[in-house]
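Worksheet: the structure to be examined is printed underneath.
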Protein chains: 2
Amino acid sequence: MSSSKILLVDDDEDILDLLEYNLSKEGYIVKTAINGKKAIEVANDFLPDLIIMDVMMPEMDGIEACSEIRKNKLLANTIITFLTARGEDYSQIAGYDAGADDYITKPIKPKVLFSKIKGLLRRGSVEAQLVEETASMRIDREKYIVVQRDTEISLPKKEFELLALLMSKPDNVFTREKIFASVWGDDIVVGDRTIDVHIRKLREKIGDDYIKTVKGVGYKFVDIED
Amino acid sequence: MSSSKILLVDDDEDILDLLEYNLSKEGYIVKTAINGKKAIEVANDFLPDLIIMDVMMPEMDGIEACSEIRKNKLLANTIITFLTARGEDYSQIAGYDAGADDYITKPIKPKVLFSKIKGLLRRGSVEAQLVEETASMRIDREKYIVVQRDTEISLPKKEFELLALLMSKPDNVFTREKIFASVWGDDIVVGDRTIDVHIRKLREKIGDDYIKTVKGVGYKFVDIED
DNA sequence: TTTAATATTAACTCAATGTTAACCCACTAT
DNA sequence: ATAGTGGGTTAACATTGAGTTAATATTAAA
């Protein structure tokens, strides 16, 4: 992937400058907006991969802006993350309703922020989806469980992420490279058999037929409707 | 890769000259067109890797031209980028529908443009056609299947690539050399019968009549419409 | 008719994937 | 500290089937 585009939205210019400076230095393409209204304009133009937005802002608050942004189909894959003070439970809920993908709490610790950003961009919006569903299987990211015909199956993290990725586009083949990039991350290197073993464990738990091997290409999730 | 070919389309000759001069200096092969109609002519001939096109033009606007260009399968891998003034939301949406890959906003900052061009060309067109389609057959690269009158056929890698190649230009004869170069790669050497066997297996699976032998020349895909 | 080009079949090879168990490490409870 | 637990990874070996080849038959062009 070329360098990712990030849009920062906050009414505090100092915070904007600070974050912009640091994120640019990290190699991201950064734009800023001072309020929700501006954010929408910039977002439509800039088509960022990630939007980090303060919840509380003058003119138009983050939640409203988020709803607006979600209306633009070109921004369907954009990840929206809210900045929020600790303990603002209510706004968090409303934020999720409006289509937010994650939260970062103030005060911001740069290290935390950067690792979070990396994580978000890596998994790349695709499986940012909180609930993935096919005819006979549902995967719930919030609860971290898989429900298969009323049977709840709990999976360890990697298996969960792997299944979530495959389910994000049923019938689509995911190459090993893509799986590695998405579930493990581009930087970290693991042996070639690792992925097979995870596939094996998944098949053991949800049944062999759900995951199909396309030799020389990759793996795909296929739904079984009985 | 040899030096990339870029087609610039804008109704403002000054901009064309400026960009052409600078891009040529960077080592790109550049051609220009003054409107959408000319752009299509040049594109069909020149087969550029990248087209940078103003949205607003006399004669035929960028979006219409883009749609036309997308119809030429030889230009399937060509990246089309629009030049647009800030905040033209509507045109952006329409542009993506028409098959645009990216946007560059005016006013143009040369540095931004160059880095963007580099990025686009690097990620490079590699994103081959995902779906190839004729009247009675559709080949889906994402799912790695062939659909023939509602019947799904899954093929192993080489057979799939071979069929995809032949289908990319129905009725066109592909020489053995071209097939080897495209499906196997220029370096790797395999015996001469290998290709026949793959053709055989394909015919077995999709029916004999779809692939015709032109003795002494090569093979071609012909559609069957019943 | 002659012959080079292609078709066909089956056997073979090897790379890709499957499988199993052991190992490492972080985390937890004792 | 110590032992226990479980996720994640690795290593060694087994299996599979895609891809190739070889041997023989058939075809179509000159």
Side-chain angles (χ1 to χ4, degrees), chain A residues 115 119 122-123 141 144-146 153-166 173-222, chain B residues 141 144-146 153-166 173-222:
Chain A
S115 74
R122 166 155 35 83
R123 91 177 42 139
R141 183 161 230 103
Y144 236 81
I145 54 163
V146 178
I153 304 172
S154 65
L155 298 173
K157 197 171 164 189
K158 283 281 191 300
E159 286 167 44
F160 185 90
E161 296 295 346
L162 175 52
L163 179 59
L165 176 66
L166 296 179
V173 179
F174 290 84
T175 64
R176 279 158 180 272
E177 290 73 50
K178 281 193 179 164
I179 293 172
F180 277 132
S182 180
V183 178
W184 274 264
D186 276 319
D187 38 353
I188 168 168
V189 181
V190 290
D192 219 17
R193 293 278 67 66
T194 300
I195 204 169
D196 307 21
V197 175
H198 283 278
I199 292 283
R200 169 99 221 311
K201 288 177 179 167
L202 264 181
R203 296 217 252 231
E204 219 165 46
K205 287 169 187 168
I206 66 172
D208 282 357
D209 300 336
Y210 280 99
I211 299 173
K212 206 180 154 192
T213 304
V214 183
K215 212 168 180 174
V217 186
Y219 296 93
K220 64 159 91 170
F221 177 93
V222 291
Chain B
R141 183 162 231 100
Y144 236 82
I145 53 165
V146 178
I153 304 172
S154 62
L155 298 174
K157 199 172 165 186
K158 284 280 191 304
E159 287 168 42
F160 186 91
E161 297 296 344
L162 175 53
L163 179 59
L165 176 66
L166 297 179
V173 181
F174 289 85
T175 65
R176 280 157 181 274
E177 289 72 49
K178 280 193 178 167
I179 292 172
F180 277 132
S182 177
V183 178
W184 274 263
D186 275 321
D187 38 352
I188 168 169
V189 182
V190 290
D192 219 18
R193 294 279 66 68
T194 300
I195 204 168
D196 308 22
V197 174
H198 282 280
I199 292 283
R200 167 101 221 313
K201 288 177 179 167
L202 265 180
R203 283 174 172 159
E204 218 165 48
K205 287 169 187 169
I206 66 173
D208 284 356
D209 300 335
Y210 280 99
I211 299 172
K212 207 180 156 192
T213 304
V214 184
K215 207 165 180 174
V217 187
Y219 296 93
K220 65 157 94 167
F221 177 92
V222 292

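Order of the sequence lines sets the chain letters (A, B, ...), proteins ahead of strands, with each chain counted from 1. Just so you know, these numbers come straight off a predicted model, no measurement behind them.
What separates CD1 of B:I199 from P of D:dT21 is a distance of 16 Å, to the nearest Å. Look at CG on B:L162: it is 15 Å from C1' on D:dT20, rounded to the nearest Å. For the pair B:R203 CZ and D:dT27 C1', the interatomic distance rounds to 12 Å; values are reported in whole Å. Regarding A:E161, its CD atom lies at a distance of 15 Å from the P atom of D:dG7, rounded to whole Å. In this entry the distance linking CD of A:E159 with P of D:dG6 reads 14 Å, nearest Å. Put simply, NZ on B:K201 is 7 Å from P on D:dG19, counting in whole angstrom units. Here D:dG19 presents its C1' atom at 17 Å from CZ of B:F160, a figure rounded to the nearest Å. We find that CG of B:D192 is positioned 13 Å from C1' of D:dA22, with the value rounded to whole Å.
Each of B:E204 and B:D196 has a nearest nucleotide on DNA chain C; the 5'-most of these lies closest to B:D196. Across the interface with DNA chain D, nearest-nucleotide mapping of A:K205 and A:G191 shows A:K205 to be the residue nearer the 5′ end.
The aromatic rings of B:F221 and B:Y210 lie parallel to each other, with less than 30° between the two planes, well short of the 60° mark. In this pair, A:Y144 and A:F160 present their aromatic rings parallel. The plane angle is below 30°, not in the 30 to 60° band.
In summary, contact between chain A and DNA chain C, defined as any nucleotide atom under 4.0 Å from a heavy atom of the protein, begins and ends at C:dA16 to C:dT20 in the 5' to 3' direction.
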> Would A:Y219 and A:V214 satisfy side-chain contact (heavy atoms from CB on, under 4.5 Å), going step by step from the backbone distance to the final call?
Replying inline: CA-CA 6 Å; A:Y219 296 93; A:V214 183; over 6 Å; no
>> Go through it in stages, so that I can follow the logic: the residues are A:V222 and A:D209, the test is side-chain contact (heavy atoms from CB on, under 4.5 Å), and I'd like the CA-CA distance, side-chain angles, deciding distance and then a yes or no.
In response: CA-CA 8 Å; A:V222 291; A:D209 300 336; over 6 Å; no
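Within the structure, salt bridge (charged side-chain N to carboxylate O under 4.0 Å, His left out) contacts touching residues 154-163 of chain B (residues at least two apart or in different chains) are B:R141-B:E161, B:E159-B:K205.
Remark: the backbone N or O of B:D192 is paired with a side-chain donor or acceptor of B:R176 at under 3.5 angstrom. Under a 3.5 Å cut-off, the side chain of A:R203 and the backbone N or O of A:I211 do form a donor-acceptor pair.
Among the atoms of the strands shown, only primed sugar atoms or phosphate atoms (P, OP1, OP2) are found under 4.0 Å from some heavy atom of B:K158. Contact annotation for A:T213: backbone-only contact, meaning every heavy-atom pair under 4.0 Å involves sugar-phosphate atoms and none involves a base. Contacts of A:Y219 with the nucleic acid, taken as non-hydrogen atoms under 4.0 Å apart, involve only primed sugar atoms and P, OP1 or OP2.
Side-chain nitrogen and oxygen atoms of A:H198 include at least one within less than 4.0 Å of the OP1 or OP2 phosphate oxygen of D:dT9. Put simply, B:W184 has a side-chain N or O that comes within less than 4.0 Å of OP1 or OP2 on D:dT20.
Closest approach to the A:P156 side chain among D:dT20, D:dG8, D:dT10 is made by D:dG8 (side chain taken as heavy atoms from C-beta onward).
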